[in-house]
2 protein chains.
Amino acid sequence: MTRAKQKTLLEACRQQGLRITGPRRVILEVLSAAEDHPDVEELHRRVAAIEPGVNIATVYRTMTKLTEQGLIERHVFEDGRLRFERAPEVHHDHFIDVETGKVVEFRSEEIERLQEEIAEKYGYEIVSHRLELYVRPRSGS
Amino acid sequence: MTRAKQKTLLEACRQQGLRITGPRRVILEVLSAAEDHPDVEELHRRVAAIEPGVNIATVYRTMTKLTEQGLIERHVFEDGRLRFERAPEVHHDHFIDVETGKVVEFRSEEIERLQEEIAEKYGYEIVSHRLELYVRPRSGS
DNA sequence: CGCCCAGTTGCAAACGGATCGCAATTAGAG
DNA sequence: CTCTAATTGCGATCCGTTTGCAACTGGGCG
Ligand SMILES: [Mn+2]
Ligand SMILES: [Mn+2]
Ligand SMILES: [Zn+2]
Ligand SMILES: [Zn+2]
């Protein structure tokens, strides 16, 4: 959903004053190429395919740092593992296929608006939210 | 949200053929009395206040069983711990106060309907969903 | 260009919530 | 009351994530 700042990740890191090390460069490359919502193990696997020897703890630490900088977004779906994607320029929510685990993105202006509306009715201000629709292909099985 | 089958939990267990043991009786009592969304540690604490000696593994196992029977609902909010509430007769979603952790329930027919609508548009059938609004009291802070 | 140090890394240990194996106990059907 | 399958307590174990620490290095500065 909304790819655009493809090359920006590495540059953004430089701007934020993060050191561009070997491991980090590869992790950024993997993240930039990712079209899905990989967990840490999967990221580590992809990194290892490019350059073996990068420790998984480094992947964890890098993801923490990137999240703090707001460069990536962290999710926890039903399996409980941390998953990541590049911070989208415009917010979206997710379908998750209960059989395959495949994640599909969507955005509903109406739902977003209704959330604000109901929060206001309760006297709240929304800080963040999470909407996940666990689905299966219609009619088949 | 929608209390009603207050006494039913224990009876429901009997119907499902679950043995009513000492520990289980206390756990059911705690669950029936709960107005919130306690995690396992909190449940165990409340159980211990009534009858010490019940192991936390027993709480875990009982919650698993009750969930399988559909008598309670299991949630995982942002802190990652398992939380429970009696299965509501009508579905609802949650506000979570980001400062206090307090959980408030709400239901929006419109949002529920829009979820179905957008799922259909994508060719999906919704199996379950999760909507959590992380909030703070409006204008204060 | 080379120095130097704060930031980063690899590795192993620790963490914490949840689960499991096992032997002892017990609910409750007959 | 008997008998068995379900349940329990306890400790060990799992597994994803975090952390302490010593070694390493990117990149600003001289
Ligand atoms: Mn996404
Ligand atoms: Mn609830
Ligand atoms: Zn949304
Ligand atoms: Zn809902």
Side-chain angles (χ1 to χ4, degrees), chain A residues 9-31 37-48 50-69 71-84 101, chain B residues 9-31 37-48 50-69 71-84 101:
Chain A
L9 245 191
L10 199 154
E11 293 163 17
C13 277
R14 251 195 264 272
Q15 283 182 353
Q16 310 282 341
L18 296 186
R19 279 200 195 162
I20 307 305
T21 66
R24 210 165 261 184
R25 187 184 306 277
V26 178
I27 293 170
L28 293 177
E29 179 182 334
V30 165
L31 283 173
H37 300 72
D39 60 20
V40 174
E41 210 176 330
E42 174 62 22
L43 285 172
H44 185 234
R45 198 174 298 126
R46 295 181 193 178
V47 166
I50 298 176
E51 166 159 329
V54 176
N55 196 278
I56 196 169
T58 299
V59 179
Y60 274 108
R61 283 191 279 232
T62 302
M63 299 318 281
T64 298
K65 207 137 247 185
L66 294 178
T67 303
E68 285 168 2
Q69 303 293 337
L71 298 178
I72 64 176
E73 215 166 76
R74 191 171 56 175
H75 302 290
V76 182
F77 300 145
E78 276 203 342
D79 66 6
R81 287 196 294 264
L82 296 177
R83 297 176 171 275
F84 302 90
Chain B
L9 244 192
L10 198 153
E11 294 163 16
C13 277
R14 251 194 263 274
Q15 284 182 352
Q16 311 280 342
L18 296 186
R19 281 196 193 168
I20 307 305
T21 66
R24 210 165 262 184
R25 186 183 307 278
V26 179
I27 292 171
L28 294 176
E29 179 183 333
V30 166
L31 283 173
H37 300 71
D39 60 21
V40 173
E41 210 177 329
E42 175 61 23
L43 285 172
H44 184 235
R45 200 173 296 125
R46 295 180 193 180
V47 166
I50 299 176
E51 164 160 330
V54 176
N55 195 279
I56 197 169
T58 299
V59 179
Y60 273 108
R61 284 190 278 230
T62 301
M63 298 319 279
T64 298
K65 208 138 248 186
L66 295 178
T67 303
E68 284 168 1
Q69 302 294 335
L71 298 178
I72 63 176
E73 214 165 76
R74 191 171 55 175
H75 301 291
V76 181
F77 300 145
E78 276 203 343
D79 67 7
R81 287 196 292 263
L82 296 178
R83 297 176 171 275
F84 301 91

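Chain letters run A, B, ... following the sequence lines, proteins first, then strands; residues in each count from 1.
When rounded to the nearest whole Å, the span between CZ of B/Phe84 and C1' of C/dG17 equals 11 Å. Remark: C1' of C/dT9 and CD1 of A/Ile27 are 10 Å apart, rounded to the nearest angstrom. To the nearest angstrom, P of C/dA18 lies 14 Å from NE2 of B/His75. Rounded to whole Å, the distance from CE on B/Met63 to P on C/dA18 is 11 Å.
Inter-residue side-chain proximity for A/Val54 and A/Val26 is flagged as unmet; no heavy-atom pair is nearer than 4.5 Å. Between B/Val47 and B/Ile56 the shortest side-chain heavy-atom distance does not fall below 4.5 Å.
The CD atom of A/Glu51 sits 10.0 Å away from atom CD1 of A/Ile27, with the distance rounded to the nearest 0.5 Å. In this structure, the separation between CD on A/Glu73 and CZ on A/Phe84 is 11.0 Å, given to the nearest 0.5 Å. A/Leu18 contributes atom CG, which lies 7.5 Å from atom CG of A/Leu71 (distance to the nearest 0.5 angstrom). Here the CG-CZ distance, from A/Leu10 to A/Arg24, works out to 11.0 Å after rounding to the nearest 0.5 Å.
Listed by first and then second residue, the salt bridge (Lys or Arg N to Asp or Glu O under 4.0 Å) pairs involving residues 39-48 of chain B are B/Asp36-B/Arg46, B/Asp39-B/Arg81, B/Glu41-B/Arg45, B/Glu42-B/Arg45, B/Glu42-B/Arg46 (not counting sequence neighbours).
Here the closest heavy-atom approach between residue A/Ile72 and residue A/Leu31 is recorded as CG2-CD1, 4.1 Å. Between A/Asn55 and A/Ala57, the shortest heavy-atom distance links the atoms OD1-N, 2.8 Å. What you find for B/Arg74 and B/Leu82 is that their closest heavy atoms are CD-CD2, 3.7 Å.
Within the structure, every side-chain polar atom (N or O) of A/Lys65 is placed at least 4.0 Å from both OP1 and OP2 of C/dG7. Applying the 4.0 Å criterion to OP1 and OP2 of C/dA18, one finds that B/Tyr60 has a side-chain N or O inside that range.
Using five terminal pairs a side, the axes of the helix from C/dC1-D/dG30 to C/dG30-D/dC1 at its two ends make an angle of 30°, given in steps of 10 degrees.
The footprint of chain B on DNA chain D, defined by a heavy-atom cutoff below 4.0 Å, extends from D/dA5 to D/dC10.
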Enumerate donor-acceptor pairs with a distance under 3.5 Å from any side-chain N or O in residues 59-66 of chain B to protein atoms, sequence neighbours excluded.
from    : atom 1 : to      : atom 2 : distance (Å)
B/Thr62 : OG1    : B/Thr58 : O      : 2.7
B/Thr64 : OG1    : B/Tyr60 : O      : 3.0

Sequence-aligned protein contact record of nucleotides 10-15 of chain C, with B where the base is within under 4.0 Å of a protein heavy atom and S where only the sugar-phosphate is:
BB----

Any chance you could list the contact pattern along nucleotides 24-30 of chain C? Use B for base contacts, S for sugar-phosphate-only contacts and - for none, protein heavy atoms under 4.0 Å, 5' to 3'.
--BBS--

